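Presented below is the structure to which this report refers.
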Amino acid sequence: MTGTDTDLAKQILDLLSTPPSGREALFALANKIRRENMGDSVFLRGIVEFSNVCSNRCLYCGIRAPNVKVNRYRMADDEILAVARRMSDWKHSTIVLQSGEADSPAENRRIGELVRRIKAETPLAVTLSVGNRSRDVYAFWRECGMDRYLLRFETSDPKLFAELHPDCSLKDRLQCLEDLRAVGAQVGSGFLIGAPGETLETLANNILLCRTLDLDMIGVGPFIPHPDTPLAGRPNAYKDDTDMFFVAVSVLRIFNPQAHIPATTAFDAVFSERDGRDLVLRRGANVFMPNDTPQRYRGDYLLYPDKPCVDEDTGDCSQCVLGRLDLLGRPVGEGPGHTVKKRS
Ligand code: 5AD
Ligand code: FES
């Protein structure tokens, strides 16, 4: 695909506007492009939500600092390592360490040491997803062995971004992504689908921004209003046409053929009766992120309501996903599942 950004935005918008009768063909095209570029394997990246302590006030997020109903926790390093050591048995190639945003020198040092230990004691690739930091901190984590980083830009509309994030600007967020690339990490970002106030043009620009940033990984998922946030009762922009969530992923794949795209958990929350994540794997995605957080913490890491697997324990989702992939006829990815992009 070639052309100026304006041409591309128009092409993306046209595809996003595919009428319901044409959507199966769109899904099939995305699935074909996924197969041709990424193969049939599905990489498993086990996510450990190791702390819900957060200093930010993102309007959509259930663990935002002002939500006093949340019981705050921090997993101990040894507890995290115990999970990491079991991951290879479950065919995971990557551990994703995610937490709320808690930027302090002590916490940043601790995260670095944890990464070092995981790299020394397991064959796992390590992905961090802990928010905005300075380039120096990212460089330190990279020296400790961090392979990848996930930090969604959430929306490409600077005004909407500012409304949703009292503690951060879109410019700062994009600077973080640039810094991560500069220190040599594989970079993942992405956006909320249907945040209140977004238009179809915003969605098209979100997809275009993923392409412009040349991302290694792209995670997107539907916005789900959380009752204990300022956006409680603000419906998803596509609430009357929820198949648009899948249309968004398919168009994302078509315009980002070589990115790793996970079937994100929020799809199971919205389409519990239709196995949302399995559908996403058939419509462009090639990565699954089983939840490996110990059961006792899961109820305290509800970024949005109806999150699936809250009653399951470490290891359960990993078993479940093997069955799900079997039914889809998709093998588990072997090896670390690093980016397939070649950059000089
Ligand atoms: N609905 C959907 N996704 C959410 N996230 C946070 N809160 C919500 C919500 N209410 C997503 C954000 C964040 C990721 C970790 O979880 O996109 O980047
Ligand atoms: Fe968690 Fe199925 S993915 S139980």
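When a ligand or atom number is given, it counts from 1 through the structure's own listing order. The shown structure was predicted, so the numbers you read here are calculated from the model rather than taken from an experiment. Values below: all heavy atoms of this structure, side chains included; hydrogens, waters and symmetry mates excluded.
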Strictly under 4.0 Å, does any heavy atom of G221 approach an atom of ligand 1? no
Residues R110, D77: salt bridge by 4.0 Å N-O rule: yes
Within 45° of the six-membered ring axis of F27 and under 6.0 Å from that ring's centre, is NZ or CZ of R283 located there? yes
Closest non-hydrogen protein atom to atom 2 (Fe) of ligand 2, residue and atom name please, with distance? C320 SG, 2.2 Å
Please determine if atom 1 (Fe) of ligand 2 has an N/O/S atom from C309 lying under 2.8 Å away. yes
D292 and its side-chain hydrogen bond (donor to acceptor under 3.5 Å, both in side chains) partner, picked from R45, H92, R86: H92
Going by the angle between their ring planes, with limits at 30° and 60°, are Y297 and Y73 parallel, tilted or perpendicular? parallel
Out of E312, R277, R298, who is nearest to atom 3 (S) of ligand 2 when you count heavy atoms only? R277
Steps toward side chain to side chain contact (heavy atoms under 4.5 Å, CB included) verdict (N236, I224): CA-CA 7 Å; N236 187 292; I224 305 171; over 6 Å; no
Side-chain donor-acceptor pair present, N108, D103, cut-off under 3.5 Å: yes
Check: of E154, Q98, K307, min heavy-atom distance to atom 17 (O) of ligand 1 comes from E154
Consider ligand 1: state whether an atom of it lies below 4.0 angstrom from any non-hydrogen atom of P222. yes
Compute the shortest N/O to N/O distance between R152 and ligand 1 and return yes if it is under 3.5 Å, no if not. yes
